[in-house]
Number of protein chains: 2
Amino acid sequence: MNTKGNKPARGRPKTMSRDHVLKIAVESYWADGPTGVSINEISRRAGVSKPGIYREFGNEDGLKQAALIAYQATILAPLVDVLTDDVPFGQALQALTDFVLLDHKAHGLPDGCLQVTMCRSKDDLGMLARQSADKFREQTLCGLEQWIERAKSKGQFASNIPSRTAALYIDAQIASAMELQKQGAAQDELEHVFKLALSVFS
Amino acid sequence: MNTKGNKPARGRPKTMSRDHVLKIAVESYWADGPTGVSINEISRRAGVSKPGIYREFGNEDGLKQAALIAYQATILAPLVDVLTDDVPFGQALQALTDFVLLDHKAHGLPDGCLQVTMCRSKDDLGMLARQSADKFREQTLCGLEQWIERAKSKGQFASNIPSRTAALYIDAQIASAMELQKQGAAQDELEHVFKLALSVFS
DNA sequence: AGCTTAAAATACTAACGGGTATTTATTTAT
DNA sequence: ATAAATAAATACCCGTTAGTATTTTAAGCT
């Protein structure tokens, strides 16, 4: 409803693309950390003036929140969907593994996970970004828990591990793998460690 | 050799206690993160002038390195020693678990682990602190690996998991637990998740 | 006393951070 | 043409940062 729809609008036409700035911001926070890059730097990288960014996103917290939400929607949502879709447990585990072992460099993406790093440096965040990070984390844990519950009821998850514990554990293993990846671990190390982690369920 | 030994010394006697500043620095970096507290703030907290800190530690990188090394020596060394001492495998695992489940708040210590957070924000660190963090990490991984090798040769580690993989895995589980702790997870959640993680070895 | 040594304390610099006031440019409506 | 509206761009404000130059203080030595 904003790209070119129906309003000729009144004043000077805007040339700044919100999506473009957002893309740069996601890349920047993802690659350099949510505290590792300033608004000055982002505006420079995006080729956009600083007041333009403030007009569009309000303040730094708003920009970080928007970037995080964009990241969640584009990168993480497919993964979460696997949990709510009714695919067999083993197949969902495979999707998790594929996600963790995806070769970011080969796809031109930064290593690591923005959601994880934002959760980890939560007290460097403003209210908006923190709330978005927390909310997504809770939803993910909840999704994992229900997914495990369903797998149990379908007899695809034989163990008697409490669902909440298993959910926390899987979440931690994914975060761990993302950190290993960012630290430059070899692909096969990542694979061996993650598969070892998942072996508690078999 | 410096505290009060033999030198009356020549100039104005120093009143600044290196140990005191170091203690404040460890606490500060531990609680607020290695990028979350400035030298200004540390000098304020320690009640010491900023040039005093620069005279003693050279620069920020030097202070961070000194703080990290002090942390490693006081907090982490006992844990690493368990690996090299020839205690039975199960007993060493118990020591690991005790370390992870130690109630930091009850002992007046910040949650989380400075070594872990410094490793994770490595590109905000100077050369010295980074090198010290890397070195300790390598030594730890090496220690874990050899410990597992010995346990295998003594028949206390039945699984056929490669030692390197198991070492990476255990290191990751400890780091994970420290992060969970810092995020305010309940003690029993921490315990259940960590014990689930260790269950891959039994 | 006066000189030397070395630490302490104050005051400073230059760069950079988040955020904004102000001016300039481009459009529609009259 | 001119006014109103809105975005872009420049230039700025103020606080904080890492790091340092300078001055003051407290000791020993002669």
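Letters A, B, ... mirror the listed sequences (proteins, then strands); counts begin at 1.
For the pair E145(B) and R150(B), the salt-bridge criterion is not met [side-chain N within less than 4.0 Å of a carboxylate O]. For the pair D124(A) and R130(A), the salt-bridge criterion is not met [side-chain N within less than 4.0 Å of a carboxylate O]. The pair D188(B)-R164(A) does not meet the salt-bridge criterion, since no charged nitrogen lies less than 4.0 angstrom from a carboxylate oxygen.
One can place CG of D61(A) at 18 Å from P of dG17(C), the figure rounded to the nearest angstrom. Regarding R55(A), its CZ atom lies at a distance of 14 Å from the C1' atom of dA21(C), rounded to whole Å. Here the P atom of nucleotide dA18(D) and the CD atom of E41(B) are 11 Å apart, to the nearest Å. To the nearest angstrom, C1' of dG19(C) lies 16 Å from CZ of F57(A). E56(B) has its CD atom 9 Å from the P atom of dA8(C), to the nearest Å. Rounded to whole Å, atom P of dG18(C) lies 13 Å from atom CG of L125(A). Nucleotide dC12(C) holds its C1' atom 13 Å from the CG atom of N40(B), rounded to whole Å. Here the P atom of nucleotide dA8(D) and the CZ atom of R18(A) are 13 Å apart, to the nearest Å.
The residue from L141(A), L83(A), L144(A) that alone fulfils the side chain to side chain contact (heavy atoms under 4.5 Å, CB included) condition with I170(A) is L144(A).
Each of dT26(C), dA9(C), dA8(C) was ranked by its minimum atom distance to the side chain of T15(B); first place goes to dA8(C). Looking at the side chain of E60(B), the nearest of the listed nucleotides dA26(D), dG18(C), dA18(D) is dA18(D). Checking dT20(D), dA8(D), dG18(C) against every side-chain atom of S38(A), the shortest atom distance belongs to dG18(C). Considering only the side chain of R10(B), dG28(D) comes nearest among dA5(D), dT20(D), dG28(D).
Counting non-hydrogen atoms under 4.0 angstrom, S49(A) reaches a base of the nucleic acid.
Nearest-nucleotide mapping onto DNA chain C: of G52(B) and P51(A), the residue sitting toward the 5' end is G52(B). Nearest-nucleotide positions on DNA chain D place K50(A) closer to the 5' end than the other of K50(A) and N59(B).
Residue side chain R12(B) reaches the base of dT25(D) through a donor-acceptor N/O pair under 3.5 Å, judged by distance alone.
Nearest approach of W147(B) to L93(B), heavy atoms of both residues: CH2-CD2, 3.9 Å.
In this entry dT30(C) has dA1(D) as its Watson-Crick or G-U wobble partner, both defining distances falling under 3.5 Å.
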